[in-house]
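Order of the sequence lines fixes the chain letters, A, B, ..., with proteins taken first and strands second; residue numbering starts at 1 for each chain.
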There are 2 protein chains.
Amino acid sequence: MTETEQTPDLARAKTAVWKSIAISLTDDIAQGCYEQGSKLPSEAKLSARFGVNRHTVRRALAEMAEQGLVHARRGSGVFVAARPTEYPIGKRVRFHQNISRGGQVPAKRILMLETRAASATEAEALQIAAGDPVHVYDGLSLADEHPIAVFQSIFPAGPLPGLLHALEERQSVTAALAACGVADYTRQETRLTAKLATATQALHLQISEGAPILRSTGVNGTVDGKPIEFGKTWFAGDRVTLTLGAQDI
Amino acid sequence: MTETEQTPDLARAKTAVWKSIAISLTDDIAQGCYEQGSKLPSEAKLSARFGVNRHTVRRALAEMAEQGLVHARRGSGVFVAARPTEYPIGKRVRFHQNISRGGQVPAKRILMLETRAASATEAEALQIAAGDPVHVYDGLSLADEHPIAVFQSIFPAGPLPGLLHALEERQSVTAALAACGVADYTRQETRLTAKLATATQALHLQISEGAPILRSTGVNGTVDGKPIEFGKTWFAGDRVTLTLGAQDI
DNA sequence: TTCTAATATTTGTCTAGTTGTATAGGCCAA
DNA sequence: TTGGCCTATACAACTAGACAAATATTAGAA
């Protein structure tokens with residue numbers, strides 16, 4: 001059915017079909033036909049709509065993905081991406097505070113809560129014995145619906161029996177700890193390094209595997225120096241800048 | 001044969017998500033998070049943690065079951081059968097650089113010294129006019145004969161006429177500045193983020209292009225708040241972690 | 001308390017839809 | 001001839017949902 005049905009003036013313009021499709025779809029997004037985060041029609045449907053092969057549509061979508069307009073997820077679909085904005089993380093440890101201060105809407109999403117045995121490094125950080133039970137809080141940090149970081153917080157289960165339940169109700173770690181009797185806690189040490197995103201980290205952060213990741217590990221403790229939380233955070237390096245003020249150093 | 005003249009990031013190996021999950025869980029077992037005979041989180045929980053469909057988790061668990069690491073019991077759960085026999089130990093970072101010390105490192109090597117016009121961003125950081133002369137100090141930081149960072153320090157040439165000469169004699173920035181009449185200076189702000197190594201950075205740091213880099217940019221100023229140095233440092237992410245003490249945060 | 005039944009949870013299996021990748025070939029212009 | 005563009009096919013990887021089968025948990029009755 002193909003049979004070069006192109007109009008004669010198209011031969012003169014020499015616009016590649018895939019490019020015109022990209023323009024058309026980009027226009028649709030700009031017009032608001034597809035909102036941020038919503039799914040585009042599948043490649044099969046789009047190829048039917050434009051009357052071309054699926055690969056031609058893919059060429060157009062690849063171009064749009066490279067410009068950061070859309071974001072594809074295998075098996076799921078192609079979604080309209082929110083433009084990634086570089087995000088400054090302030091000196092404060094409390095995630096909620098420094099994000100709301102910057103005017104962006106902070107959010108946390110629980111990925112998994114569990115209680116399991118502590119590994120050797122976790123035990124050392126929390127000053128407990130390896131194999132002792134710990135609560136694990138895997139989560140995702142978002143700013144304006146945009147994933148900023150994945151994190152894992154580990155708490156000693158012994159002194160905090162009801163923590164997981166408290167975390168389920170309140171999203172905030174600080175509030176959950178307060179409900180378990182930990183009034184205040186401070187960060188004792190933080191370590192920063194750069195890593196490459198693994199495949200699963202890349203999925204969560206909507207970046208590509210091998211993208212730069214800013215990894216932060218730290219221990220929070222009670223006022224009397226007892227470690228209460230061992231946290232790791234992986235920030236999307238191309239979205240986050242950690243800022244330290246003058247008095248911090 | 002194909003169009004392999006693409007971007008170099010094509011060289012990045014794409015790990016299947018299920019394989020990445022299998023590695024992660026195997027790691028957890030090796031670390032002792034899940035002891036022999038204990039139950040793993042349910043497939044539903046794991047799929048939430050990794051942000052994937054349950055079938056993808058099942059693919060990972062199937063792989064691990066085939067290796068004899070776990071065994072599943074319908075209606076009950078997946079249990080740890082054995083610890084991985086041969087497990088690759090993750091490479092430890094070699095150096096812990098304390099950022100409180102203002103980026104001081106054991107040894108430095110001068111790569112280039114020059115005086116040129118300031119760019120717009122450099123001028124803004126140093127609070128001078130764009131095009132004003134600045135001294136540029138490109139260097140390499142080493143520890144234990146291993147390169148750990150490349151850096152670039154930019155100084156306003158106006159108030160520091162003899163700085164380059166002083167830097168050539170003494171390696172230390174502090175000593176050179178002291179020789180130019182700057183007795184003391186403090187860090188005013190530091191920004192940290194993760195990047196990928198460029199070709200030249202990779203060459204200097206003896207890492208591969210695309211390796212993770214921890215980038216630190218900061219401004220040092222005199223006691224009266226006048227900016228005196230605009231510095232950028234690129235740390236090799238797999239060799240260096242920055243440590244922030246409790247008082248730094 | 002103990003047993004039973006109902007309910008919930010968990011793994012196993014199936015079908016279907018979607019994107020990613022590889023291969024092969026035709027057409028056309030430089 | 002080469003390279004860009006488009007078509008065509010096949011398969012892999014992942015998602016989505018549904019249901020079955022085995023087990024665990026809980027509530028209620030004896």
- Can you give the dot-bracket line for DNA chain C, using ( ) for pairs inside the strand, [ ] for pairs that cross earlier ones, | for pairs with another strand and . for unpaired bases, where Watson-Crick and G-U count if both distances are under 3.5 Å? ||||||||||||||||||||||||||||||
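Using a 4.0 Å heavy-atom criterion, one finds that A/Arg54 contacts the bases of the nucleic acid, with or without backbone contacts as well.
The listed nucleotides are C/dT19, D/dA24, D/dA16; the one nearest the side chain of B/Ser76 is D/dA24. Nearest nucleotide to the side chain of B/Ala72, out of D/dA16, C/dT19, C/dT11: C/dT11.
The stretch residues 55-65 of chain B comes close to DNA chain D through B/His55, B/Thr56, each having a heavy atom under 4.0 Å from the strand.
Taking atom CD of residue B/Glu43 and atom C1' of nucleotide D/dT15, one finds them 15 Å apart after rounding to whole Å. Nucleotide C/dG20 holds its P atom 14 Å from the CD atom of A/Glu66, rounded to whole Å. As rounded to whole Å, 16 Å separates atom P of C/dG17 from atom CG of B/Asn53. Spacing between atom CG of A/Leu203 and atom P of C/dT19 amounts to 16 Å, rounded to whole angstrom units. Regarding A/Lys39, its NZ atom lies at a distance of 14 Å from the P atom of D/dT15, rounded to whole Å. The distance between atom NE2 of A/His71 and atom P of D/dT15, rounded to the nearest whole Å, is 12 Å. As rounded to whole Å, 16 Å separates atom C1' of C/dT11 from atom NZ of B/Lys45. Whole-Å rounding puts the A/Ile21 CD1 to D/dT7 C1' distance at 13 Å.
Put simply, B/Lys14 has a side-chain N or O that comes within less than 4.0 Å of OP1 or OP2 on C/dT21. Residue B/Arg73 places none of its side-chain N or O atoms closer than 4.0 Å to OP1 or OP2 of D/dA22.
With A/Ser153 as the partner, the side-chain hydrogen bond (donor to acceptor under 3.5 Å, both in side chains) test is satisfied by one option alone out of A/His135, A/Glu229, A/Lys232: A/Glu229. Remark: of the listed residues A/Leu167, A/Asp184, A/Val182, A/Val182 is the sole one forming a side-chain contact (heavy atoms from CB on, under 4.5 Å) with A/Leu177.
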- Task: Start with the C-alpha gap between A/Glu43 and A/Arg58, add the side-chain angles, then the distance that decides, and say whether salt bridge (Lys or Arg N to Asp or Glu O under 4.0 Å) holds.
- Result: CA-CA 7 Å; A/Glu43 292 174 353; A/Arg58 283 181 59 75; 2.8 Å; yes
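A ring-centre distance under 6.0 Å is found for A/Phe151 and A/Tyr137.
With rounding to the nearest 0.5 angstrom, the CG atom of B/Leu61 is 6.5 Å from the CG atom of B/Leu46. Here B/Thr193 contributes atom OG1 and A/Leu242 contributes atom CG; the two are 8.5 Å apart, rounded to the nearest 0.5 Å.
Ion pairing of A/Arg116 with A/Glu122 is present here, as a side-chain N (NZ or NE/NH1/NH2) and a carboxylate O approach within less than 4.0 Å.
Judged as a salt bridge (charged side-chain N to carboxylate O under 4.0 Å, His left out), the pairs with a partner in residues 18-38 of chain A (not counting sequence neighbours) are, in order, A/Asp28-A/Arg49.
At least one donor-acceptor pair under 3.5 Å links the side chain of A/Arg239 to the backbone N or O of A/Leu205.
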